[in-house]
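Everything on this sheet refers to the single structure shown next.
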Amino acid sequence: MVLADLGARLHGALNQLSRASVIDDTVIHALLKELCAALLESDVNVKLVSQLRTKVKTKVRKSLEEAEKAGGKEVNKKNVVQKAVFDELVALVDPGTEPYKPVKGKTNVLMAVGIQGAGKTTTCTKLAVHYQRRGFRSCLVCADTFRAGAFDQLKQNATKAKIPFYGSYTETDPVAIASLGVEKFRKERFDVIIVDTSGRHKQESELFEEMVAIGSAVKPDMTIMVLDASIGQAAEGQSRAFKDSADFGAIIVTKLDGHAKGGGAISAVAATKTPIIFLGTGEHLNDLERFTPQPFISKLLG
Ligand code: GDP
């Protein structure tokens, strides 16, 4: 189920609740059943869905008990259930850790990692444009020496976006390119230096070794995993493997404009306890949306 459909279905389930004349266990059970079915069909991990169900039930019970203890004042059961559902949906996409935020007046190095085709090169340019617009002098370094044409692609994107870039057609060592590029731009006092690394077709040791070596050389302030939403449930395992080898502090989920279900990416947040910072919503340079848990869930629920 794509994200828009998931939103519509969650919205529908909560509407059913609003229409019910009495909020009893049967109504709550039906709501949770529908919510959980929708989340599962969107590829959210089974364990997370089951935890959500238990947590909502516990929260509702506790709130009602507390209200009773506090003098039996008439409590709006619908609000209690709606709030518990909302809070737990937010918790699904909120690992409770703050991502690194680039600071003005210093050089911030960001490094993108991920599988080939996830959207790294595209996302790096989108990010550079995003920060440039907010007053950060931004630039790009292409440390992808694995994929033929990677530098050309970055160069083309950067030129279109008027972002300075660094790369090489002759140097084959990605660590050397990354180091030289970052050093050059650091000297030139750029605020945000974004290093694009190479991917492979799947997570494999050679890729991880390369990422670790580049990371040690450029010491990024934030490593960002670029995760393709269209890989569904595989997103969880993939992000876990990347986290174990090349620790990252933020996730950008790409291709949410297509037929991606999105639930796999949501599960990746819990699996790696890492926040999503942006969503890629198209191929165009402007198709990047900032991600924050509460507004995302509010918008999803319509
Ligand atoms: P890389 O191998 O990880 O560097 O991936 P690329 O940046 O080359 O992207 C692979 C393909 O995905 C390209 O055709 C991009 O235009 C496309 N792409 C990247 N991000 C998005 C997105 O958010 N939405 C859509 N629809 N396509 C995207």
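Small disclaimer: the values here were computed from a predicted structure and weren't measured. Whatever order the structure lists ligands and atoms in, that order sets their numbers, starting from 1. All residue numbers in this chain count up from 1 along the given sequence.
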Looking at ligand 1, would [X] count as a contact under a 4.0 Å heavy-atom criterion?
{"X": "Gly114", "value": "no"}
{"X": "Gly117", "value": "yes"}
{"X": "Ile115", "value": "yes"}
{"X": "Asp257", "value": "yes"}
{"X": "Gly258", "value": "no"}

- Task: Decide, yes or no, whether a salt bridge links Lys69 with Glu65 under the criterion of side-chain N to carboxylate O below 4.0 Å.
- Result: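 Answer for the salt bridge query: no.
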- Quick one: do Lys261 and Glu41 make a salt bridge, cutoff under 4.0 Å?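 No salt bridge links Lys261 with Glu41.
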- With distance as the sole test, does Arg53 use its side chain to make a donor-acceptor pair with the main-chain N or O of Val49 at under 3.5 Å?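 Checking the backbone N and O of Val49 against the side chain of Arg53, no donor-acceptor pair under 3.5 Å is found.
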- Backbone N/O of Thr274 and side chain of Thr97: donor-acceptor pair under 3.5 Å: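 Side chain of Thr97 to backbone of Thr274, a donor-acceptor pair under 3.5 Å: no, none is there.
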- When you measure from atom 21 (C) of ligand 1 to every protein heavy atom, which one gives the shortest distance, and what is it?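 Answer, as residue, atom name and distance: Gly282 O, 3.5 Å.
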- In the protein, what heavy atom is nearest to atom 17 (C) of ligand 1, and what distance, to one decimal place, separates them?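 Ranked first by proximity to atom 17 (C) of ligand 1 is Glu283 OE1, 4.0 Å.
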- Message: Cation-pi check for Tyr166 against Lys184: NZ or CZ below 6.0 Å from the six-membered ring centre and within 45 degrees of the axis, yes or no?
- Response: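 Relative to the ring axis of Tyr166, which defines the angle, Lys184 lies outside at least one limit.
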- Ignoring angles and geometry beyond distance, decide whether Thr123 reaches within less than 3.5 Å of ligand 1 through its nitrogen or oxygen atoms.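 For ligand 1, there is no N or O atom that lies under 3.5 Å from one belonging to Thr123.
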- Item | Polar atom proximity, Gly119 to ligand 1 (N or O, under 3.5 Å) |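 So ligand 1 has an N or O lying under 3.5 Å from an N or O of Gly119.
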- Query: So with a 6.0 Å cut-off around CD of Glu206, is the heavy-atom count from everything else above 12?
  - Reply: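 Incorrect, the count does not exceed 12.
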- Item | Heavy-atom neighbours of Lys162 NZ exceed 12 at 6.0 Å |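 Open.
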Should you measure from each heavy atom of [X], which atoms of ligand 1 turn up under 4.0 Å away?
{"X": "Thr122", "answer": "6 (P), 7 (O), 9 (O), 15 (C), 19 (C)"}
{"X": "Arg147", "answer": "2 (O), 4 (O), 8 (O)"}
{"X": "Lys126", "answer": "23 (O)"}
{"X": "Thr281", "answer": "23 (O)"}
{"X": "Gly280", "answer": "23 (O)"}

- Message: Ring centres under 6.0 Å, that's the criterion: do Phe151 and Tyr169 meet it?
- Response: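 That pair passes the under 6.0 Å test.
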- Message: Quick one, Phe278 with Ile252, criterion side chain to side chain contact (heavy atoms under 4.5 Å, CB included). Give me CA distance, side-chain angles, the key distance, then yes/no.
- Response: CA-CA 5 Å; Phe278 287 100; Ile252 295 184; 4.1 Å; yes
- Query: Heavy-atom distance to atom 11 (C) of ligand 1: which of Lys120, Gln153, Lys255 wins?
  - Reply: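 Result: the heavy atom closest to atom 11 (C) of ligand 1 is in Lys255.
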- Residue pair Lys57, Leu32: steps toward the side chain to side chain contact (heavy atoms under 4.5 Å, CB included) verdict: CA-CA 9 Å; Lys57 274 194 200 159; Leu32 285 175; 3.6 Å; yes
